[in-house]
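Labels below follow one simple rule: chain letters A, B, ... track the order of the sequence lines, proteins then strands, and each chain is numbered from 1.
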There are 2 protein chains.
Amino acid sequence: MEEIDRAIVAALTADGRLSYTDLAEKVGLSVSAVHQRVRRLEQRGVIRGYAARVSFEAVDLPLSAFVAIRPFDPSQPDDAPERLAHLPEIDSCYSVAGEDFYLLLVRVASPADLERLLQEIRTAANVTTRTTVVLSTPYENRPPKINGELSARARSRAAGEAAGSTAG
Amino acid sequence: MEEIDRAIVAALTADGRLSYTDLAEKVGLSVSAVHQRVRRLEQRGVIRGYAARVSFEAVDLPLSAFVAIRPFDPSQPDDAPERLAHLPEIDSCYSVAGEDFYLLLVRVASPADLERLLQEIRTAANVTTRTTVVLSTPYENRPPKINGELSARARSRAAGEAAGSTAG
DNA sequence: ACTGAAACTCTAGGAGA
DNA sequence: TCTCCTAGAGTTTCAGT
């Protein structure tokens, strides 16, 4: 992936609804060429999708928290992410190094809902929880700075993340 | 905000590039009506923008980490978020309850870059850091479940988050 | 606040270099 | 892989209810 693809991805992370026309102007190519490149970036899994960013306050989920989890019994098979995937309050699930096994980011409407959620998490995944409440969010999900020649290493990683049947 | 607006927001968090035509079909209104509602949701700050989701591996930022920070001198004015905002490696900044002051989510290309970033964070904000490396990400930034009557409380919260001059 | 219609812009894909 | 081109879809606005 070179300069123009990076510019396209950068522009789309900042504004996911940019038209191909605007994008083409930005990167100095024809509309069709940009369109083709975006399709390939999507197919290769570099672009994984598009989403509206919402105010969690506005959709009545004003309480966020980080929930670190650890199995009750560390010898049991560890499938917490799958066991928890059905809970829509869980925004993100990270497998982490350190004392905890996973770190979850959750969004709820109230402390009472957080309490209920924690109980569900503990029983569904057979884990203990340690919760850190978010008081405010100065910024979140900022667009990444996209730079650096994209190595063959990074390209194969990208391909690996996409469907296995994409042409090089 | 009532049912139709919630359906619109839910649809757009799942697919930020949905056309007004598709959206209209989904919620059972005319294209114009949906268009109008989306504009109002954007103006009120319920929808804060749109973004492409990228594979961080593919854009050569394969290493994510959580960095908990705490001031060296807790009596100093606490303006860490502003002091750190210029660092593009910082994806998100959360003010948290508990022993730490802030929790940062960062994305870098390599352990060496993480080391450099931590030094920058420490000197820029005069803080100590405690870092938890992310080993893998089973899921991230899932669309929230949007439900519940949106109360007057939630509406004023949404308005407060948007520009102050929006009509009710 | 929604519908319907008209003018315009964008998208999507084929042909050719 | 790019540019040019064209048909069809989608967007945007306005008048009307």
Side-chain angles (χ1 to χ4, degrees), chain A residues 1-53 58 146 149-152 154-156 158-159 162-163 165-168, chain B residues 1-53 58-59 146 149-152 154-156 158-159 162 165-168:
Chain A
M1 188 163 86
E2 37 54 272
E3 206 180 328
I4 294 178
D5 279 351
R6 280 187 272 127
I8 289 172
V9 172
L12 252 17
T13 55
D15 179 359
R17 292 206 97 165
L18 259 187
S19 71
Y20 295 115
T21 310
D22 289 349
L23 217 40
E25 204 169 316
K26 243 179 227 252
V27 306
L29 281 183
S30 70
V31 174
S32 314
V34 167
H35 187 235
Q36 238 168 63
R37 277 168 179 263
V38 171
R39 277 177 55 104
R40 286 194 61 190
L41 288 166
E42 289 169 352
Q43 281 173 0
R44 284 169 38 200
V46 176
I47 293 172
R48 297 176 145 207
Y50 303 87
R53 297 162 163 282
I146 294 170
E149 201 63 20
L150 217 50
S151 53
R155 287 179 70 173
S156 65
S165 60
T166 49
Chain B
M1 189 162 86
E2 38 53 273
E3 206 178 330
I4 295 177
D5 279 351
R6 280 188 272 126
I8 289 172
V9 172
L12 286 175
T13 54
D15 179 359
R17 292 206 95 165
L18 261 189
S19 69
Y20 295 115
T21 309
D22 289 350
L23 217 40
E25 205 169 316
K26 242 177 226 241
V27 305
L29 282 183
S30 70
V31 174
S32 318
V34 167
H35 189 227
Q36 230 168 68
R37 278 170 179 263
V38 171
R39 277 177 54 103
R40 286 194 59 188
L41 288 165
E42 290 169 352
Q43 280 172 0
R44 284 170 35 200
V46 175
I47 293 171
R48 297 176 146 214
Y50 303 87
R53 299 165 161 279
V59 298
I146 293 171
E149 199 65 19
L150 216 50
S151 52
R155 285 180 72 176
S156 65
S165 60
T166 49

Start and end of chain A contact along DNA chain D [non-hydrogen atoms, under 4.0 Å]: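 Range of nucleotides touched by chain A: D/dT1 to D/dC5.
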
Determine all donor-acceptor pairs shorter than 3.5 Å in which one atom belongs to a side chain in residues 8-20 of chain B; sequence neighbours excluded.
from, atom 1, to, atom 2, distance (Å)
B/Thr13, OG1, B/Val9, O, 3.3
B/Thr13, OG1, B/Ala10, O, 2.8
B/Asp15, OD1, B/Arg17, N, 2.9
B/Arg17, NE, A/Gly16, O, 3.3
B/Arg17, NH2, A/Leu18, O, 2.6
B/Ser19, OG, B/Asp22, N, 3.1

For residues 26-35 of chain A, which side-chain donor-acceptor pairs fall under 3.5 Å, sequence neighbours excluded?
from, atom 1, to, atom 2, distance (Å)
A/Ser30, OG, A/Ala33, N, 3.3

Within the 4.0 Å limit for protein heavy atoms, which parts of nucleotides 10-17 of chain C are touched? Write it as a string from 5' to 3', B for base, S for sugar-phosphate only, - for none. SSBB----

Could you give the distance from CD (A/Glu42) to CD1 (A/Ile47), rounded to the nearest 0.5 Å?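 If I round to the nearest 0.5 Å, the distance is 5.5 Å.
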
To the nearest angstrom, how far is B/Ile4 atom CD1 from C/dA1 atom P?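 One finds 11 Å between P of C/dA1 and CD1 of B/Ile4, rounded.
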
Between P of C/dA1 and CD of B/Glu3, the distance in whole Å: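 One finds 16 Å between P of C/dA1 and CD of B/Glu3, rounded.
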
Over the length of the helix from C/dA1-D/dT17 to C/dA17-D/dT1, how much do the five-pair end axes diverge, rounded to 10 degrees?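 One end's axis against the other's: 20°.
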
Contacts of A/Arg37 that satisfy side chain to side chain donor-acceptor pair (under 3.5 Å) - sequence neighbours left out: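 So A/Arg37 forms a side chain to side chain donor-acceptor pair (under 3.5 Å) with A/Glu2, A/Asp5.
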
